[in-house]
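Data first, discussion second: the structure below is written as structure tokens.
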Amino acid sequence: MQYRIHAKDELAKIGELIINDKKIITPNILSVNTDRFKAFDKADVILSNDIVKTNKPVFKFLQTPLKLDEKNFYHIDEKTEFVIIQYAFQLFERSKNFVDLIINLRKKIGSEKIIYAPVIAKPSNLALLCYVGIDFFDTTSAIIAARNNNMFFTDGEYNIKDLIELPCNCPICNNINKKPSELSFEEILNHNYYMLFNELKQVRNIIKTGNLRNYIEKKVKTNPLYVTILRNLDMYYYEYLEEQTPVVSNKTILATSSESFNRSEIKRFQSRVLNRYCKPSCVKILLLLPCSAKKPYSFSKTHKFFRRTILDTSNPDIIHELIITSPLGLVPRELEFVYPAANYDIPVTGVWNEDEKKMIKTLLAEYLSKNKYEKIIVHLPEGITSFIKDIIKKPILTCIDSPTSNESLEKLKITLQESIEGFDRIDRYERTKQNLESLACYQFGKNIGKKLIKDTKISGRYPDFRIIENNKQLGMLTKDRGFISLTVAGAKKIESSEKYWIEIADDFTPKGSILAPGILNADENIRIGDEVLIFRKQTLIGVGAAVMNGADMKKSSFGEAVKIRHIV
Ligand SMILES: [Zn+2]
């Protein structure tokens, strides 16, 4: 038995299990086969204690009682790649214990073993179970439901007596000419199998595109227990989820539920704006602006109005734009290409709920305690101004009705011009360089960010800037990544910081990419998408982009870990 991971989406993954030369894609569902319940004919793997005439792999039922650690509810099968959750059904109902067990188990065994949770999988919870990191399930719940005359659908199960029509076109339902209440056990069971396996394929498609979180936020709403599991996961295991979450991505975050606010991408962005980012030192006037539906903001019509108004003043580069938005909180203009600032979508009604108000107020108060300005201009709709003005000392309000009305923009123009009087003119080039330094601080942390930009020259046009030192390019900002990509010279400049490094084995020169087994050691703070400094025998030999996080690079026995950009 051999297991390989092909794709990861946070804790969920697509893998390939090879059993007797047969390939089984995970996540997957073992189909129970007994005298009374025949296995689903579309299943890839059979679960049976009988001798079954099949060319599919057959797993045997767990022979209980197993010798289990009393504290642990699982059994690690040393001969196979499987870890079996023994009392999954009972545990699942106790959401906090369930999350604790699965996550701590995963931390212990790493991502290269398969977790099998018997009995619990249904079409309504399969995505959530994959999201917490479970890979294998079985069809027991389909059988239990059928015995109770319950039909599976994607959002839950319905008793046949409550169905006036059959809302299904599966091969079973399609060939039936009777009332739902007259369905036989076999018909219900086979329908349930179709529903469960349809969902399995759907979930695998979604994991491959990296959109599982958007999908489960929608799916958990069908059952309070599922919401509780997701909330427990977000609440108690943010650090673990954050480790698995890329810092560079082009996936869109759909912030359509209150659970979206707890996503690790969102919380990490907020934390880095407060703890890593620092404003360009030359700016003196803060301008608070609303967000736009279009991303990046500056590509929208409304932000083009704001930009033009700023550029029409006699000292535009002394003005710093900070966008107030939900669920991200605060987005400084220099970070608008950074993930997920350029990649989220939220329904806008103009009315802010109490959680959003509290989030914005807390972030803004902390931001203003760390980043000092001479004047703060608030060009925001009344819906936001009303709850933030109290935390700003002497706010100057410029929004009359809507932020883009002629009257408001005129007032903004006059106010900006008045506010900049008396300050020295800021050079455009100097401001550009400081903007890049602020971004570098967000990306690498303050020390490395400042070190990288110090004594450099910046060339190119927004946003495609190049960082040059002694005629050598250190790196460039790319719009698609929103981050600075380093050259070897750039890596050299920051290597003494001892961050973002990996040490590879000394017996090869990598080409194209570095696989995990070639990595001896790595900085565990590396996230997927980060720049990586490649060392061999403690000498810097190249730079690349992380495909795995630093912890996985150390632990994994296969898979691409770093895509090489430059090698010396
Ligand atoms: Zn059906």
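One-based numbering, in listed order, for ligands and for the atoms of each. Side-chain atoms are counted along with the backbone in the values below, which use heavy atoms only and exclude waters and symmetry mates.
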*Protein N/O/S atoms closer than 2.8 Å to the Zn ion (ligand 1)*: Cys168 SG, Cys170 SG, Cys173 SG, His191 ND1

*Which pair of heavy atoms, one from Val52 and one from Ser48, lies closest together, and at what distance?*
CG2-OG, 3.5 Å

*So which pairs with a foot in residues 123-144 pass ring pair (Phe, Tyr, Trp, His ring centres under 6.0 Å), sequence neighbours left out?*
Phe82-Phe136

*Please work out which of the three classes, parallel, tilted or perpendicular, describes the rings of Phe387 and Trp352, given edges at 30° and 60°.*
tilted

_Show every ring pair (Phe, Tyr, Trp, His ring centres under 6.0 Å) that has at least one partner inside residues 142-172, sequence neighbours left out._
Phe153-Tyr158, Phe153-His191

_Suppose the criterion is ring pair (Phe, Tyr, Trp, His ring centres under 6.0 Å): which pairs have a residue in residues 197-242, not counting sequence neighbours?_
Phe40-Phe197

*Determine, using ring centers only, whether Tyr442 and Phe269 are less than 6.0 Å apart.*
yes

